[in-house]
Each structure stands twice: as C-alpha cells, then as structure tokens.
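In what follows, chains are A, B, ... by sequence order, proteins preceding strands, each numbered from 1. Quick caveat: nothing in here was measured; it's all calculated off a predicted structure.
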Protein chains: 2
Amino acid sequence: MTVSIKDVAQKAGVSVATVSRVLGSGPVSDALRARVEEAVAATGYRPNLSARRLRSQHSQTIGLIVSDIRNPFFTAVSRAVEDAAFQAGMRVILCNTDENPDREAMYLRLMQEERVTGLIFAPTRATLARLDRAGLDFPVVLIDRSGPSGLYDSVVLDNQQAAAALVGHLHAQGYRRIAGLFGNTSTTAVERHGGYHAAMVAHGLTPDARFVPPYADAAEAEVAGWLADIQNPGAVRPEAVMVSNSLLLMGVVKAVRKHGLSIPGDLALAGFDNEAWTELVGPGLTVIEQPVHEIGAAAMNLLFERLEAPDRPTRKVVLSGTCVVRGSTAPLETFRV
Amino acid sequence: MTVSIKDVAQKAGVSVATVSRVLGSGPVSDALRARVEEAVAATGYRPNLSARRLRSQHSQTIGLIVSDIRNPFFTAVSRAVEDAAFQAGMRVILCNTDENPDREAMYLRLMQEERVTGLIFAPTRATLARLDRAGLDFPVVLIDRSGPSGLYDSVVLDNQQAAAALVGHLHAQGYRRIAGLFGNTSTTAVERHGGYHAAMVAHGLTPDARFVPPYADAAEAEVAGWLADIQNPGAVRPEAVMVSNSLLLMGVVKAVRKHGLSIPGDLALAGFDNEAWTELVGPGLTVIEQPVHEIGAAAMNLLFERLEAPDRPTRKVVLSGTCVVRGSTAPLETFRV
DNA sequence: GCTGTTATTGAAAACGATTACAGTGACGTT
DNA sequence: AACGTCACTGTAATCGTTTTCAATAACAGC
C-alpha cells in the first residue's frame with residue numbers, strides 16, 4: 001500500500017542506497033539525483049520515521065512530562081520547548097501526570113521505550129526522591145521543581161528570593177499581618193514558603209502560613225474562613241496574603257468577591273505568575289512574573305549541552321522573577337487612616 | 001549497550017519468539033513464562049517502540065495540530081485528546097502552527113512520515129481549502145474549524161446559533177447599537193459573523209462588524225478608536241460589543257480600562273469561551289461556554305469510529321454552547337434612565 | 001504401534017530504512 | 001602499459017521487533 005524506498009528505487013532504476021543518499025547526504029551524480037527526485041515526487045514517497053529511527057538509533061525525540069498542560073506556566077514552557085525542539089529537527093512527546101506518582105512512573109517507562117534523546121521533567125516530590133534509582137539512560141533536565149541532589153541539570157525560579165520580594169514589597173507598603181498561602185504538593189511551594197518565612201522574620205513579623213491542596217476551591221474555602229470574621233472587630237485577620245501560585249490566587253480573588261469585599265481595602269494580594277488576566281482583575285494583581293519562555297529555552301539548552309558533553313558536572317540554572325506591582329498591593333495608608 | 005529482546009532470550013535460555021510472546025500474548029508454558037519474566041526484570045529490558053512500530057505497522061500515534069497550545073481552548077482540547085489517547089494505549093504528537101499555512105504543510109508531511117493512525121486538526125482557511133488534495137492516507141477529524149465539504153469528519157461548535165444567542169441576549173437587555181468584533185483568519189469567525197449578522201437583521205438592527213487580526217493588541221487598538229469619541233456626544237458609538245474570541249475579548253477589556261470607562265455602563269460586553277478569569281473581571285463577563293472537553297473527546301470518538309469503519313459517510317458533530325450571563329451585559333435601563 | 005491432535009517452541013523472514021564495504025569506470029601519473 | 005586515485009554506485013548486513021511456518025513432544029484413540 002504505502003510506498004517505500006524500494007519502490008522509489010525501482011521507479012528511478014537505481015538502488016535503495018542511492019535513494020537514501022539523495023534524501024540524506026551522500027555523493028550522488030546530478031543525473032541520478034534528478035531521476036530519484038522525480039521518482040520521489042511521482043510516487044509521493046515519505047520516509048518511514050520508525051524505520052529510520054530504528055536503523056539510525058537516534059529517536060530525535062525528547063520527552064516533556066508536566067503535571068498539567070492546562071497550568072499556564074506549563075503551557076508556556078511547553079511551547080518554548082516545542083519551538084526549540086522542532087527547530088533542532090526533533091519531536092516532542094508531551095505527558096500530563098496530574099501530580100500522580102503512578103502516572104509519572106508509567107510515563108518514565110514510556111520514555112525509555114521510546115528511546116528518547118532526553119527528558120524535561122517537572123516531578124512531584126515523591127518521584128524526585130527516587131529518581132536516582134530509576135536507571136534512566138538518557139539525560140534529564142528538571143524544571144520548576146528540583147532537589148538539592150546534584151544528579152540532574154535543572155532550571156528553576158529563585159523562589160526564595162521571589163517570595164521574599166513579595167513580602168518585602170507588602171511590608172514596604174505598610175502591611176504587617178501578612179499571611180502566606182501555599183500548595184502542599186510541590187517543592188516549589190516549599191521553597192516559596194522558605195522565602196516567605198525568612199522575610200517575615202527578617203522584618204520582625206509573625207509568619208502565618210497555610211498549606212492547602214493545589215486547587216482554587218481549596219484556597220477559596222480557606223480564605224472564606226478568614227473573611228467570615230470580618231464582622232468581628234476583635235478578630236485578628238490578615239491584612240494581606242501572599243499566594244504561592246496562580247490557581248490559588250484565583251481562588252482567593254473569588255472568595256474576596258463572594259464576600260463583597262474589596263482589594264486591597266479588605267485584603268491586599270500578591271501572587272505568582274503574570275498571566276494576562278491578573279492585569280484585568282480588580283485594581284490589577286501584583287505578581288511575580290516568571291520568565292516562562294526562558295525557562296523552557298534554558299531547559300532545552302541544558303539538554304543539548306549535556307548531550308554534547310555527557311560528563312560535565314550538572315548545573316542548576318536559577319532564573320529570577322520580576323515583581324510586577326499593581327493595585328492589589330497599594331500602600332496601606334492611601335485608603336486607611 | 002541497551003538491552004534487547006535477544007539479550008533477554010539468551011538470559012532466559014529461550015528463543016526471542018518466546019520472549020515476544022510473553023510480552024505480548026501468545027501460548028507460553030508457565031515455566032518458561034516465569035523464566036522470561038525473571039530475565040526481563042533482571043536485565044531491565046524495555047521493548048523498543050520504533051522496532052515494534054516498524055514491524056507491526058501500527059504507529060499507535062495520533063497527531064494533533066492546532067494553531068497555538070497557549071490558546072486555552074486548544075489547551076483544554078489537547079488535554080482531552082491526550083487523556084483519550086493514552087487510555088487507548090496511543091501516543092500524541094502535538095504541533096503548533098501559529099496559523100501559518102507553511103507550518104501546517106510541514107506538519108502534515110511529518111504526520112505522514114510518522115505514519116500516524118489518525119489526525120485531529122484545526123486548519124486555517126487556506127489549508128482547509130486544499131486539504132482534499134493533500135493525499136493523506138490516514139483519517140482526519142477537523143475541530144473548531146470545518147468547511148462545507150463533507151470529506152472529513154468534524155467537531156464544531158454551533159457558532160451561528162451561539163453568536164445569535166449573544167445578540168439576542170444583548171437585545172433583550174435593551175441594547176440596540178451592537179457592534180461585532182471578529183478575527184480575520186478562521187472559519188470560526190466567519191460563522192460567528194454569520195450568526196451575528198442574521199440575528200441583527202432579524203431584530204431589525206443595523207449590523208456593524210469589524211474584522212481584526214486575532215491578537216489582543218489589534219482588538220484593543222480597534223476599540224480604543226471607538227472610545228476616543230466618547231467626549232463627542234454627537235458620535236454614534238456602540239453601546240455593546242460582541243467579541244468572537246477570548247483573546248480579542250481581553251483586548252477589549254484592556255481598552256475600556258485604559259480609558260477609565262466602565263463595563264457595562266460605557267460599553268457592554270459579550271464574548272466566547274468561559275475561561276476562569278472571565279468570572280473575575282469587572283462585573284464578570286457574559287460569554288458562551290464551549291464544551292471544550294467534550295469537543296476533544298468527541299473528536300477522538302469520531303477518529304476511533306472511522307478507524308473501525310473507514311467507509312461510513314463522514315459526520316459533522318455540532319455541539320452547542322451555553323450562554324453564561326454575567327454583569328457585563330446587565331440590562332441597559334438599570335444604569336441609564 | 002501407528003496416527004491424529006494439541007500445545008509449545010524455535011528458526012527465519014519480514015518491516016523500511018542506513019551504512020560499511022566492495023566494485024566499477026574514468027582519469028591522471030609514472 | 002600498469003597503477004593509484006577519485007567519484008559514484010550497488011550489495012548486503014543491520015537495527016529490534018513480530019509473526020509465519022515448521023518442528024517437536026505428549027498424549028489419546030484405535
């Protein structure tokens with residue numbers, strides 16, 4: 001049915017080797033080259049990539065395993081990875097794990113069966129802990145999350161510094177009771193909590209950290225609890241909250257709106273990820289902007305460099321975020337006297 | 001280096017055929033099966049998918065070509081497609097075309113070289129017009145965009161009806177000067193414009209449609225033009241605008257905010273795609289919610305059905321959207337007497 | 001004991017490409 | 001004239017599987 005290199009060779013009256021050389025790069029006389037190209041066009045021949053990969057032992061494929069492509073951070077990263085990959089003539093296999101270690105294990109197995117050239121991976125804490133023992137025979141670059149173990153190259157945000165910057169900004173704007181809201185599954189949240197905690201202490205403030213499952217609902221419920229106390233003047237309610245990711249941030253905004261309260265009048269907000277909508281909500285939300293495209297591109301670079309030099313020591317690329325200040329953290333005194 | 005089925009066979013003292021049968025499904029005695037499984041575990045053997053695909057002539061791969069994965073609509077669809085694919089033991093190759101016909105052509109070629117089992121494709125109008133002549137030898141399901149030609153299965157929203165519903169809603173709320181803002185590349189926009197136009201005429205209103213490139217900036221600039229006239233009481237400015245996709249909608253919101261105007265007081269808004277942020281912006285934005293997950297799932301279903309019955313007549317699955325009413329289309333009389 | 005059946009098993013032929021190797025002229029050198 | 005070199009070109013091995021086909025053994029029926 002489908003036309004193979006042999007059919008092309010026959011039609012052009014040459015050997016398969018010659019056809020292969022025309023398609024790839026080898027010495028072929030102009031006359032034969034023309035005949036072959038004509039035969040290729042006439043037959044509509046397309047090389048079979050499975051056969052090519054099998055024979056050449058190069059899959060030209062890189063794996064990308066993230067928790068959920070619907071998370072805009074990973075969407076942007078994946079786009080950067082795919083652009084870089086296709087530019088280098090490689091394909092990408094994208095997998096969503098939903099933070100489920102079983103699925104992570106299954107996809108790691110898949111990566112081995114695909115004989116991927118390399119893998120870019122945002123693992124859960126659980127998988128990260130036993131990644132050393134997975135026996136992967138291709139280079140891995142971790143993104144977004146990474147452990148202290150220097151076994152793998154990685155690209156991460158400077159989470160400590162970013163969280164500290166948000167706390168510092170809120171402090172400078174006059175806020176003192178600054179709560180922190182964090183997801184309870186990723187190492188990212190752990191690091192951001194670290195930065196939050198250190199900065200609070202450094203400013204002589206009392207940390208007040210809450211950990212919730214990484215869903216908007218959970219954040220909304222948590223914050224709804226605080227806000228219910230608003231009628232009670234005696235209650236000590238946070239004046240501001242630092243939120244460790246955009247999904248939780250969305251939940252917090254929902255809770256505030258549902259209670260008919262105002263930002264930042266009743267609660268100041270600062271979060272992570274400069275998604276398009278953060279500019280449009282209320283007075284605009286102050287966020288840390290991650291260099292998402294750079295993170296994907298840097299991961300690909302690390303991967304390519306490691307492929308060239310497998311034995312160089314591993315590196316951790318730490319990129320810093322930018323604090324985008326908007327109305328959600330307006331100075332306290334401008335609206336409370 | 002990497003362990004092959006031959007190594008496993010040798011270690012277990014059996015033939016490669018037996019190993020293959022253990023891994024797949026074939027008659028193998030319990031004794032040998034145990035020996036093979038032990039050898040597999042001991043060697044850490046992983047079958048080579050390229051070899052398997054080459055030999056079995058089944059790629060177990062489906063292609064997914066969209067314009068940009070960062071468009072939340074496609075993000076959600078892709079997630080649905082991937083879930084369904086992995087459930088069926090298949091892989092997905094995801095490609096972003098940026099609405100560029102050259103890239104579409106290149107990725108179509110790639111799909112042929114990968115010998116994909118099937119393709120799910122959101123083509124530009126240009127590519128759609130010559131898709132018949134592409135000579136693809138695998139089934140294709142079109143999503144989001146589709147022509148009248150019944151050559152391919154497709155899954156689309158009932159765009160005419162949805163746009164008409166928005167116009168009808170705006171009309172019912174008391175608005176009369178209702179502008180329409182559409183992207184100028186996709187068939188989707190064409191259909192939505194059709195629904196808009198018909199509904200306007202049906203309500204005895206004068207259509208006022210503008211077509212812009214599908215970027216937030218373009219929409220923002222367009223609307224900024226209208227709003228500049230606000231000081232001029234003689235100018236006939238739209239009271240409301242129906243926007244044909246969420247990216248443009250974002251641009252419109254930006255323009256209104258930048259001019260310090262209010263929604264819906266100065267301009268009522270209705271758009272497409274119920275993204276999370278539309279609930280949080282201003283008074284909430286009225287939108288048509290597309291059944292995104294269903295669209296992806298339906299596309300996979302059509303694909304699987306066609307694989308089973310290649311000759312059945314093509315089908316077009318038309319799903320209808322839901323109108324989610326929010327504050328951006330509050331009744332005109334509530335704020336203007 | 002001979003034959004037919006059943007259940008396993010292995011040998012070997014694909015699948016469709018790349019590539020090492022050898023062969024063939026043509027041509028220039030000595 | 002003999003020989004080395006150069007530039008192509010074809011033959012055949014190979015990548016790691018699956019699958020066809022034949023071979024073998026065990027066992028029942030006669």
Side-chain angles (χ1 to χ4, degrees), chain A residues 1-37 39-40 43-61 89 91 109-117 137-138, chain B residues 1-37 39-40 43-61 89 91 109-110 112-117 137:
Chain A
M1 209 64 41
T2 164
V3 29
S4 83
I5 199 173
K6 213 178 293 182
D7 304 313
V8 176
Q10 194 163 18
K11 179 134 198 164
V14 301
S15 74
V16 294
T18 301
V19 178
S20 176
R21 280 190 273 254
V22 169
L23 268 46
S25 54
V28 180
S29 68
D30 292 348
L32 285 201
R33 179 179 300 273
R35 288 229 308 272
V36 168
E37 279 167 355
V40 166
T43 56
Y45 167 71
R46 292 282 159 236
N48 181 318
L49 285 183
S50 290
R52 184 175 275 183
R53 285 200 262 260
L54 172 59
R55 170 60 228 223
S56 67
Q57 299 288 70
H58 290 311
S59 69
Q60 301 288 70
T61 300
R91 248 69 56 206
R109 213 158 42 234
L110 174 64
M111 294 301 128
Q112 300 183 271
E113 302 189 350
E114 290 278 3
R115 303 289 193 268
V116 294
T117 305
D137 32 24
F138 44 76
Chain B
M1 211 65 39
T2 162
V3 29
S4 83
I5 200 174
K6 213 178 295 182
D7 304 313
V8 177
Q10 194 163 21
K11 179 134 197 165
V14 300
S15 73
V16 294
T18 300
V19 177
S20 177
R21 280 189 273 254
V22 170
L23 267 45
S25 54
V28 180
S29 68
D30 292 348
L32 285 201
R33 178 178 301 273
R35 288 229 306 272
V36 169
E37 278 167 353
V40 166
T43 55
Y45 167 71
R46 293 281 160 236
N48 181 318
L49 286 182
S50 290
R52 183 174 277 181
R53 286 200 264 256
L54 172 60
R55 170 60 228 218
S56 67
Q57 301 287 74
H58 291 312
S59 69
Q60 301 288 70
T61 300
R91 248 70 54 205
R109 212 157 44 234
L110 174 65
Q112 299 183 273
E113 302 189 350
E114 290 278 3
R115 302 291 191 269
V116 294
T117 305
D137 31 26

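- The backbone N or O of Thr61(B) lies less than 3.5 Å from no partner atom in the side chain of Arg91(B), so there is not a single donor-acceptor pair.
- Atom CG of Leu32(A) is separated from atom P of dA7(D) by 16 Å (rounded to the nearest Å).
- Atom P of nucleotide dC21(C) and atom CZ of Arg21(A) are separated by 14 Å, given to the nearest angstrom.
- More than 12 heavy atoms of other residues, nucleotides or ligands shown are found within 6.0 angstrom of CD on Gln60(A).
- Ser59(A) meets the side chain to side chain donor-acceptor pair (under 3.5 Å) test with Thr117(A); sequence neighbours excluded.
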Show every donor-acceptor pair shorter than 3.5 Å between a side-chain atom in residues 19-33 of chain A and any protein atom, with sequence neighbours excluded, or say none if there are none.
from, atom 1, to, atom 2, distance (Å)
Ser29(A), OG, Leu32(A), N, 3.4

Look for any protein N or O under 3.5 Å of an N or O in nucleotides 14-17 of chain C and output each such pair with its distance, or none.
from, atom 1, to, atom 2, distance (Å)
dA14(C), N3, Arg55(B), NH1, 2.7
dC15(C), O3', Gln57(B), NE2, 3.3
dC15(C), O2, Arg55(B), N, 3.4
dG16(C), OP1, Gln57(B), NE2, 3.1
dA17(C), OP1, Tyr45(A), OH, 2.7
dA17(C), OP1, Asn48(A), N, 2.8
dA17(C), OP2, Ile5(A), N, 2.3
dA17(C), O5', Tyr45(A), OH, 3.3

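- By the 4.5 Å heavy-atom criterion applied to side chains, Arg46(B) and Arg115(A) are counted as neighbours.
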